[in-house]
Amino acid sequence: MSFFFCFLCASTLIAEDGSRLWLRYAPLERVGYRFERVVADETSPTLGVALRELHTAWKSFTGGEISFSGVTDANTALVVGTGKSKAVNALLPRKALNGLGRDGFLITSVGSHLVIASEGDQGVLYGVFHFLRLIASGLWTGETIRETPAYERRLLNHWDNLDGSIERGYAGGSLWQWSQLPDTLSPRYEAYARANASVGINGTVLNNVNANPQILTRPYLEKVKALAEVFRPYGLQVYLSVNFSAPQTIGGLPEADPLNKDVRQWWQKKMKEIYALIPDFGGVLVKANSEGQSGPQDYARTHADGANMLADALKPYRGIVIWRAFVYSPTQEDRAKQAYGEFVPLDGQFRDNVMIQIKNGPIDFQPREPFSPLFGALRQTPTMVEFQITQEYLGHSKQLVFLAPLFEETLRSDTRAWGEGSTVARLTDATFGSRRLSAIAGVANTGSDANWCGHPFAQANWYAFGRLAWKHDLTSEQIADEWIRQTFTHNEAFLDPVKDLMLTSRETCVNYMMPYGLHHIFAFRQHYGPEPWGDIPGGRADWMPWYYHKADTGGIGFDRTPTGSNAVAQYHEPLAGIYADPARCPENLLLWFHRVPWTHPLANGLSLWENLCYRYDEGVQTVRAYQKVWDRLEGFVDPERFLQVQSRLRTQARDALVWKDACLLYFQTFSRRPIPYELERPVHDLEDLKRQISAVHGGRL
Ligand code: GCW
């Protein structure tokens, strides 16, 4: 396409600020489905939302209004309702809706009519959103669709602080305007609930796991109630992170020991107060005895004692406790082993309304980690995966990194805990054992930016999390495909290259940051750039990059085999054996599990050092190729979003090069080998990089 032509098309595309996310409902040349009217004979706030959504979407797709009716006649109708609807019952066989539960839905043609129905109104809303997604994507085939969600609770975790900041947030400040609540309600609250409902997310933890106890005071609970009321018609339940020492800090008690009668009573009263305000409150999320947070161990009690105390207080209201397994302390023990060590002995001791929330990998949301061995090790306790949607370690909102492949990799990992096929997905969706609760969480990437997520493509990560929480066997390819179609265009000249770019972007990020299982060699605090040399004399070893890469002239990597920390033993066979054997360990995790000499040959016959060089270089070259792909697509995107992505790709290309030069020049001081001569030479000087990066990042924890 000529530049001139591109310029012409771009100038006819209206600027978009990205605020409409994937719900743009762009006008369609071919809608792919026609009806005369929508038939609905029930009312409820949630059904009202569903009908309004249909109306908005159809008007936007076609430019025309749709008419509503309470009864079906000879005209082609879109019949929308629950098992209580006369119109639905007249068309569907008895029992057609059985088994759909609260959230599942059925979309099916009956004669010339189409029915979108569920047992309850929440499922109808999800059915409507699914139908609209297919129409908007140009993927509607008319086939019957019956879906129920993989997880009962599909949650966002916000690390939002009460002062409006967001820990690890890269898209502006918090969406929650605490100082204006409960009286003033930002229109974004409803827009947020709608976006979540559109992908099936049904719960939100409003505040940071590093929880300010003030959230549990009456004035804040009134604010939370106001939010819960906006969210309710969208089926979005509210949860809160609680600070374990709240009975002491805001309750005036001398301690927060979970076995102390007064402490237990304090929590019981607090839950009573919360449920009186918010009858559908979901429950609490707890970070205890982790990174300086208080917890039951302060009183020589266990995580089970702490979780059970809260579980007892929540039980009368059917609320749940989500207890995080992200615990580690500066001991001699390999950090990757610690959560397992603390939680496995407690298996079987938790109340039935407690879930253990486990980060996908054993360390901390790195670009690549093996799955956490706690999945499959806790056999009697419901476990849930915590993903990070916000890109703390994957380029913030500056870099285009599509996370569905990372999520998919974890969910499909076969732990072998209950034999072959015990994937993380199936271990957490209540397939195995007699556990009833099922849930999944993602640390949100939303903020006050007009486009919600900072980077236009970061929206795809919110979308992907929701879609996988609903249906964990969706592929990254399917998710990218439907997201692009809704967010940009169906045009294959755009769709195919952008899909390819998205699908390779996570591996590209791994390549220029931490290939072959390297991990946590980030610059301190911000966790953005490289700082493999980072060191703070006297600081916590497990916060130092050298703790993880262990590079010296002898080699590089963390020995987690029986000759080292033996973290491999926490995995079931045959994985333990495979991971322990450098010849069989997947190469992309080699340095996670092994320490090898620089000359160690990989499958392609080249040494580890040479391969490291090629990988870092490949990462950089691929980002540059993404720039070329994007620039060619100018004619398909409105100027505002085009420029946003273009400038971020420039940043990404520059920063990928910094990663490559920093890591290769630093590791070269140990490998003492040349960077293969066919590769581009470093353009930075190591000492300069050290100075610059330490200046930007402050050089302190
Ligand atoms: O990844 C680390 C982050 C902390 C975070 C912590 C956690 C909320 O660097 O910012 O704190 O994990 O998950 O608790």
Side-chain angles (χ1 to χ4, degrees), residues 155-171 174 204-213 215 239-245 284-295 297 303 306 322-330 335-336 338-339 342-343 355-369 372 374 383-397 401 403 406 410 440-447 461 465 513-514 519-529 531 534 536 539-540 542-545 547-548 697-698 700-701:
L155 311 182
L156 286 186
N157 287 184
H158 288 274
W159 287 356
D160 291 28
N161 298 314
L162 302 188
D163 65 1
S165 63
I166 305 181
E167 183 155 349
R168 313 304 177 186
Y170 312 106
S174 174
T204 176
V205 185
L206 296 175
N207 60 321
N208 191 353
V209 287
N210 290 325
N212 184 331
I215 192 76
Y239 297 66
L240 291 176
S241 295
V242 299
N243 187 306
F244 200 79
S245 62
V284 299
L285 172 64
V286 191
K287 172 175 178 177
N289 293 121
S290 162
E291 298 188 326
Q293 294 296 325
S294 57
Q297 292 174 347
H303 287 291
I322 301 174
W323 195 268
R324 294 177 90 227
F326 180 66
V327 295
Y328 64 100
S329 42
R335 173 172 165 186
Q338 294 184 28
E342 282 201 41
F343 280 88
M355 302 192 73
I356 305 298
Q357 179 167 302
I358 307 166
K359 289 189 181 184
N360 59 288
I363 299 274
D364 193 10
F365 300 135
Q366 299 299 291
R368 169 164 281 118
E369 298 193 32
S372 163
L374 265 178
T383 54
M384 53 191 280
V385 187
E386 175 178 324
F387 285 120
Q388 201 179 37
I389 308 171
T390 190
Q391 292 165 243
E392 174 179 357
Y393 295 102
L394 287 107
H396 297 187
S397 288
V401 184
L403 297 178
L406 186 160
T410 302
I440 185 165
V443 180
N445 65 350
T446 49
N461 294 331
F465 170 77
M513 288 186 184
M514 277 165 251
H519 49 290
H520 227 311
I521 54 176
F522 288 94
F524 290 126
R525 287 198 304 190
Q526 278 86 351
H527 295 164
Y528 182 76
E531 204 170 351
I536 298 170
R540 265 178 81 155
D542 56 357
W543 285 349
M544 302 301 157
Y547 173 93
Y548 299 98
H697 296 287
R700 292 179 34 243
L701 289 174

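Indexing begins at 1, ligand by ligand and atom by atom, following the structure's order.
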With Tyr393, the side chain to side chain contact (heavy atoms under 4.5 Å, CB included) member among His520, Glu369, Met513: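 For Tyr393, the side chain to side chain contact (heavy atoms under 4.5 Å, CB included) test succeeds with only one of His520, Glu369, Met513, which is His520.
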Will you find, in the side chains of Glu167 and Asn161, an N or O donor that is under 3.5 Å from an N or O acceptor?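 Short answer, no.
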No-hydrogen, no-angle side-chain donor-acceptor test under 3.5 Å, Arg540 and Tyr547: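 On atom types as modelled, these side chains do not qualify, holding no pair under 3.5 Å.
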Select one of side chain, backbone, both or neither to describe which atoms of [X] lie under 4.0 Å from any atom of ligand 1, heavy atoms only.
X      : answer
Val209 : side chain
Tyr393 : side chain
Gln388 : neither

Should Glu386 be counted as touching ligand 1, given the test is an N or O pair under 3.5 Å?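 Looking only at distances, the answer is no, because the N/O contact criterion of under 3.5 Å is not met.
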Is His527 in contact with ligand 1, taking contact as a heavy-atom separation below 4.0 Å?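 Distance cut 4.0 Å: His527 passes for ligand 1.
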Looking only at heavy atoms of Val443, does any of them come nearer than 4.0 Å to an atom of ligand 1?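 Flag not set, Val443 not near ligand 1.
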So if I count the atoms of ligand 1 from 1 in the order they appear, which ones are less than 4.0 Å from some heavy atom of Phe326?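 Those qualifying, in numeric order: 6 (C), 7 (C), 12 (O), 13 (O), 14 (O).
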Under 4.0 Å from any heavy atom of Lys287, which atoms of ligand 1 are there?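 That gives atoms 6 (C), 7 (C), 8 (C), 11 (O), 14 (O) of ligand 1.
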Can you give me the closest heavy-atom contact between Ala441 and Met384, atom names plus distance?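 Of all heavy-atom pairs spanning Ala441 and Met384, the closest is CB-CE, 3.8 Å.
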For Val205 and Ser241, work out which heavy atoms get closest and say how close.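 Looking at all heavy atoms of both residues, the closest pair is CG1-OG, 3.4 Å.
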Has His396 got a side-chain atom pairing as donor or acceptor with Gln526's backbone, closer than 3.5 angstrom?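 Yes, His396 side chain to Gln526 backbone: donor-acceptor pair under 3.5 Å.
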Taking Glu531 for its side chain and Phe524 for its backbone only, find out whether a donor-acceptor pair lies under 3.5 Å.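 Yes: the side chain of Glu531 pairs with the backbone of Phe524.
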Out of His520, Glu291, Lys359, whose heavy atom sits nearest atom 13 (O) of ligand 1?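 The residue whose heavy atom sits nearest atom 13 (O) of ligand 1 is Lys359.
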The one among Asp364, Thr390, Asn208 that brings a heavy atom closest to atom 1 (O) of ligand 1: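 The nearest heavy atom belongs to Asp364.
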Distance from Met544 atom CE to Ile536 atom CD1, nearest 0.5 Å?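 Reported value, rounded in 0.5 Å steps: 4.5 Å.
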Between CZ of Arg168 and CG of Asn208, what distance do you get to the nearest 0.5 Å?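 Output value for this atom pair is 10.0 Å.
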Can you report which non-hydrogen protein atom sits closest to [atom], along with the distance?
atom                    : result
atom 9 (O) of ligand 1  : Glu392 OE2, 2.6 Å
atom 11 (O) of ligand 1 : Glu167 OE2, 3.1 Å
atom 8 (C) of ligand 1  : Asn210 ND2, 3.3 Å

